[in-house]
Amino acid sequence: MKSFLGNFRIIAPAAALAALMAAGCVLVSGQFVVTYEFADFGYDPLVVSSPTALTGVEVNLNDIGDYSKHKDKLRDVVDVALVGSVTNQTGAATSVEVWMVPTPGPLLTTETAVRAAGVRLWGPLELPAGATVRITWNRSAELFVGRKALIDQIKGDGRFDLYAIGTTATYSFRVDKGALIAVLSARN
Amino acid sequence: MKRVIALALALAAFTAGTACAGSVGLGAFAGVSIPVVQEDVGQGTLFGLRAPVKLVPLLTVEPYWASSSLGNKDVTIGGLTYTREGPDETAFGLNAMLTTGGSVQFYPYAGVGTTKLERTAMDASFTTYNFGLGLGFSPVPKLSVHVRGELQMAVDNGASRKFANITAGASYALFSIL
């Protein structure tokens, strides 16, 4: 028994150390916040004045250093959010959605074209008449409906287009200081 | 994963019944949980329960349950601060400790379990591995006080969420097993 315990005392820590070394890749991983600020790429404010006068955001995450740094070792995208302030520029309530066109070409300008080519990512966010709504991180995370589609793009080439559209027949709104937040789970 | 933990618990219970000079205790602990390389989670508080089962002089297994309230994290964009709420964590599992006798103990331990993280738009469960060192002393018979530092590693899809946990607690030996 004493012999067993003596060996056990050596073997157990050695086994634990071996397990730690085997898990090395897992050990040196982390969660990194990447932000794509629309203002940095000329999209602030983002003005959407009607269903036939949309303004798209050409997102290229490769322009973001934190994304490029971790892209090759990216394991998962564990959180996504669209934040900013949205102002309704009309006297009628509407709701705002964000759509993604995963295979971008020339920017689209009509809601019909966006719905045909894209996938709904986010929303609807209710926007009362004349109101400004600040979208918080938590609220935004709740409103994501196309999480997998966006994650696939982030894990892919990181290049896609975003469009904000309304859900009523006519609308006009403005997005200030908009940004996409993604939390990447990656190895260092 | 749950099967592995259930099997380990069953094994612990079985071997406890056949071990010599063992004991079964119950303890509580509290402390801080510090996220390691996690930019979306802040430091939080941690508390839980343990049931140390001393099987043989050098080996103690310990089922545990723990709960953490992790801190918020802020990101500033365009001069505006956005806050992501910290997740609530619940964890359970089994640690195995290399314990020595005497009134003062310094012991390494390792364990496996399950961790669940919940916050708005997040509800995820992970297999968890624990590695740590503990210092225990017994001011009076049957009662022991423990201070521990551990690395908790919640593994998910080839990466992990890691926490450095520092806890203090006390355990009471409820009864001995022959």
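Keep in mind that what you see is a predicted model, and the values were worked out from it rather than measured. Heavy atoms only: backbone and side chains are in, while hydrogens, waters and symmetry mates are out. Here is the naming used below: chain letters follow the sequence lines, and residue numbers restart at 1 for every chain.
Within a 6.0 Å radius of CD in Glu126(A), other residues, nucleotides and ligands contribute 12 heavy atoms or fewer.
Between Val33(A) and Arg84(B), the closest side-chain pair of non-hydrogen atoms is not below 4.5 Å.
Going from atom OG1 of Thr120(B) over to atom CG of Leu143(A) covers 11.0 Å, rounded to the nearest 0.5 Å. Rounded to the nearest 0.5 Å, atoms CD (Gln31(A)) and CD (Gln38(B)) are 5.0 Å apart. Interatomic distance, Ile77(B) CD1 to Lys177(A) NZ, rounded to the nearest 0.5 Å: 11.0 Å.
In the hydrophobic cluster analysis, where Ile, Leu, Val, Met, Phe, Trp and Tyr join through side-chain heavy atoms closer than 4.5 angstrom, Tyr43(A) is grouped together with Val80(A). Tracing side-chain contacts under 4.5 Å through hydrophobic residues (I, L, V, M, F, W, Y), one reaches Val145(B) starting from Phe106(B); they form part of the same cluster. When the side chains of ILVMFWY residues are joined at heavy-atom separations under 4.5 Å, either directly or via intervening members, Leu107(A) and Trp99(A) end up in a single hydrophobic cluster. In this structure, Phe41(A) is a member of the same hydrophobic cluster as Val34(A), with clusters built from ILVMFWY side-chain heavy atoms closer than 4.5 Å. In the hydrophobic clustering of this structure, Phe131(B) does not group with Val147(B); members are Ile, Leu, Val, Met, Phe, Trp, Tyr whose side-chain heavy atoms approach within less than 4.5 Å, directly or through other members.
Contact count against chain B (heavy-atom pairs under 4.5 Å) is highest for Asp79(A) among Asp79(A), Asp76(A), Ile135(A), Thr136(A). If you tally non-hydrogen atom pairs under 4.5 Å between each of Ala81(A), Gly84(A), Ala39(A) and chain B, the highest count goes to Gly84(A).
Residue contact with chain B, scored on non-hydrogen atoms closer than 4.5 Å, involves the backbone and the side chain of Asn138(A) alike. In this structure, no portion of Arg139(A) lies under 4.5 Å from any heavy atom of chain B. Of the two parts of Val183(A), only the side chain, counted from C-beta on, holds a non-hydrogen atom closer than 4.5 Å to a non-hydrogen atom of chain B. Using a 4.5 Å cut-off between heavy atoms, Ile181(A) contacts chain B through its side chain alone, with no backbone atom that close. Within the 4.5 angstrom heavy-atom criterion, only side-chain atoms of Ala179(A), from C-beta onward, approach chain B. Residue contact with chain A, scored on non-hydrogen atoms closer than 4.5 Å, is absent for Thr99(B). Looking at Glu142(A), both its backbone and its side chain come within 4.5 Å of chain B, counting heavy atoms on both sides.
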Working for side chain to side chain contact (heavy atoms under 4.5 Å, CB included), residues Val78(A) and Arg161(B)
CA-CA 11 Å; Val78(A) 294; Arg161(B) 284 189 181 269; 3.5 Å; yes
Under the side chain to side chain contact (heavy atoms under 4.5 Å, CB included) rule, what do Ser29(A) and Lys162(B) come out as? Steps first, then yes or no, please.
CA-CA 9 Å; Ser29(A) 62; Lys162(B) 291 172 286 297; 3.4 Å; yes
Side chain to side chain contact (heavy atoms under 4.5 Å, CB included) between Val37(B) and Phe32(A), intermediate numbers included:
CA-CA 8 Å; Val37(B) 200; Phe32(A) 307 95; 3.7 Å; yes
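In terms of heavy atoms, Gly78(B) sits closest to Glu37(A) at N-OE1, 3.7 Å. A pairwise comparison of heavy atoms in Thr83(B) and Trp137(A) identifies O-CB, 3.5 Å as the closest pair. Nearest heavy atoms, Ala141(A) versus Ala121(B): O-CB, 3.4 Å.
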